[in-house]
Each structure stands twice: as structure tokens, then as C-alpha cells.
Amino acid sequence: MVGEEGAFVLGWDEVLTEEELSVTLKVLCMSQEEFQEYKEQDGWEDDTDEEESSPLSNEALSRLKSPCKKLLCDSVLLTLESYSSDLKADQDLLNNKEAFEGLSHREQQALHVRYGQKRILHRLLELVQ
């Protein structure tokens, strides 16, 4: 369902791997009976449900059913825990000109990427809490 990377791609305004995330959330939130039916039907290839066709924008994420929101929230929290620093520490480092300039060019770029990732994850957390 998730592909080789085992990750979803989130943008600032929407989920960029929306089909994978949508299917994964639905499957993980299914009862055992629903999952058995899903397997027997080889998925939802013929499903034309409006929910299926709408993009997973931030607005759509905030309207997900409670079990899906909890699953996403828990996933985001686990991902944030995997970082060695929090969002505020990265923001403080970015704002401290002397400390930032003491980093190598590669470390500066990594800091910008890490900070952006954390901002997106915090935004997603706000949407699903």
C-alpha cells in the first residue's frame, strides 16, 4: 500500500501521496470483517465514492473520521520523536545568526529541510487533533 519507501509525502496544503494514505488509513481502521471483504474484492477499484475522489487537502484531513485522525496523530507524534531536536530548538538556531553561520553549508541546508519537515508535521498535528 505504501510502496517501497514506507512513507507518505506531505505538502504544506495537501497530501501528495493521497491515494496511498487514503487506502492505508481505511485499511488500518477496518474491522476484521471489513478487511476480509476488502481482500475478497481486491480493493475498491470500482468504488466511486465522493470521499475517494476528493484530494486530501488540509481541510479534508481535518474532517477525517476519529479513528483515522488518531492514527495520523499517533504517527506524527512518533515521527516527531525520531528527531534529535524539537521545532523550537531548530527555529532558535535559525534565528541565531552567529550559531547558524557556525554551521557548515551542508548543516545549514539540513537544518532548513528539517525545520520545514517539522513545520509540516506540526501543521498536520493541528489538523487531526
Side-chain angles (χ1 to χ4, degrees):
M1 279 183 291
V2 181
E4 292 180 24
E5 295 292 317
F8 303 105
V9 181
L10 306 172
W12 188 251
D13 297 317
E14 65 186 12
V15 176
L16 302 177
T17 53
E18 63 184 90
E19 183 178 347
E20 292 90 344
L21 180 59
S22 179
V23 171
T24 300
L25 288 173
K26 285 183 181 189
V27 169
L28 290 175
C29 292
M30 285 180 179
S31 68
Q32 195 169 14
E33 295 80 24
E34 290 169 327
F35 182 68
Q36 187 62 36
E37 184 180 327
Y38 172 79
K39 284 188 344 183
E40 290 170 3
Q41 294 178 0
D42 293 325
W44 293 292
E45 292 177 21
D46 297 322
D47 193 357
T48 57
D49 189 332
E50 186 177 311
E51 182 181 322
E52 290 282 324
S53 62
S54 63
L56 281 176
S57 65
N58 287 345
E59 185 181 330
L61 287 170
S62 66
R63 291 190 316 257
L64 287 173
K65 293 178 182 174
S66 185
C68 292
K69 282 184 171 184
K70 172 133 178 51
L71 188 58
L72 271 177
C73 182
D74 291 347
S75 299
V76 168
L77 291 172
L78 281 172
T79 302
L80 287 170
E81 286 177 10
S82 72
Y83 288 100
S84 60
S85 61
D86 64 11
L87 182 67
K88 179 158 179 19
D90 286 349
Q91 187 173 20
D92 290 345
L93 185 53
L94 282 167
N95 292 333
N96 183 335
K97 187 176 180 179
E98 186 177 316
F100 181 76
E101 289 176 355
L103 300 173
S104 70
H105 181 68
R106 185 177 177 147
E107 289 170 324
Q108 290 174 355
Q109 290 178 325
L111 176 60
H112 280 289
V113 169
R114 186 175 66 237
Y115 179 70
Q117 291 171 338
K118 290 176 188 176
R119 285 187 60 216
I120 289 172
L121 289 169
H122 277 272
R123 183 174 174 121
L124 178 58
L125 198 55
E126 289 173 6
L127 293 168
V128 297
Q129 283 186 326

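- Within the structure, side chain to side chain donor-acceptor pair (under 3.5 Å) contacts touching residues 66-78 (residues at least two apart or in different chains) are Lys70-Asp74.
- The hydrophobic cluster around Leu16 extends to Val9, counting ILVMFWY residues whose side-chain heavy atoms fall within less than 4.5 Å of a member.
- Asp86 meets the side chain to side chain contact (heavy atoms under 4.5 Å, CB included) test with Lys88, Ala89; sequence neighbours excluded.
- In this structure, the side chain of Asn95 engages the main chain of Gln91 through a donor-acceptor pair within 3.5 Å.
- Taking CG of Asn58 as the start and CG of Leu124 as the end, the distance is 8.0 Å to the nearest 0.5 Å.
- Both Leu121 and Leu125 belong to a common hydrophobic cluster when Ile, Leu, Val, Met, Phe, Trp and Tyr are linked at side-chain heavy-atom distances under 4.5 angstrom.
- Remark: Glu98 pairs with no residue by the side chain to side chain donor-acceptor pair (under 3.5 Å) rule, at least two apart or across chains.
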- Message: Run the side chain to side chain contact (heavy atoms under 4.5 Å, CB included) test on Leu72 and Leu21 for me, step by step, so that the C-alpha distance in whole Å, both residues' side-chain angles and the decisive distance to 0.1 Å come before the verdict.
- Response: CA-CA 10 Å; Leu72 271 177; Leu21 180 59; 4.0 Å; yes
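- Contact annotation: the side chain of Leu25 never approaches that of Lys65 to less than 4.5 Å [non-hydrogen atoms, C-beta and beyond].
- With rounding to the nearest 0.5 Å, the separation of CG in Leu10 from OG1 in Thr17 is 6.5 Å.
- Remark: Glu59 pairs with Arg63 by the side chain to side chain donor-acceptor pair (under 3.5 Å) rule, at least two apart or across chains.
- Within the hydrophobic cluster formed by Ile, Leu, Val, Met, Phe, Trp and Tyr side chains joined at under 4.5 Å, directly or through other members, Val113 stands alone, with no partner residue.
- For the atom pair CG (Leu127) and CG (Leu64), the distance works out to 9.5 Å, reported to the nearest 0.5 Å.
- Screening residues 108-118 for side chain to side chain donor-acceptor pair (under 3.5 Å), with sequence neighbours left out, gives Tyr83-Gln117, Ser85-Lys118, Asp90-Arg114, Asp90-Lys118, His105-Gln109.
- From Asp92, atom CG reaches atom CZ of Phe100 across 13.5 Å, with rounding to the nearest 0.5 Å.
- Annotation for Thr79 and Ser82: closest pair O-OG, 2.5 Å, computed over non-hydrogen atoms.
- Under the side chain to side chain contact (heavy atoms under 4.5 Å, CB included) criterion, Ser104 pairs with Arg106, Glu107, not counting sequence neighbours.
- In this structure Ala110 satisfies the side chain to side chain contact (heavy atoms under 4.5 Å, CB included) test with no other residue, sequence neighbours excluded.
- There is a side-chain donor-acceptor pair under 3.5 Å between Gln36 and Glu40.
- In terms of heavy atoms, Cys29 sits closest to Leu71 at SG-CD2, 4.3 Å.
- Looking at residues two or more places apart in sequence or on another chain, you find no side chain to side chain donor-acceptor pair (under 3.5 Å) involving Glu19.
- The distance from the CG atom of Leu61 to the CZ atom of Arg123 is 10.5 Å, given to the nearest 0.5 Å.
- Considering only residues two or more places apart in sequence or on other chains, Glu126 meets the side chain to side chain contact (heavy atoms under 4.5 Å, CB included) condition with none of them.
- Residue Glu14 comes nearest to Ser57 through the heavy atom pair CB-CA, 3.8 Å, listed as atom of the first residue, atom of the second, then distance.
- Linking Ile, Leu, Val, Met, Phe, Trp and Tyr residues whenever their side-chain heavy atoms come within less than 4.5 Å places Val15 and Leu77 in a single cluster.
- Considering only heavy atoms from C-beta on, Val128 stays 4.5 Å or farther from Val76 through its side chain.
- Following chains of ILVMFWY side-chain contacts shorter than 4.5 Å, one can reach Leu80 starting from Trp12, so the two form part of one hydrophobic cluster.
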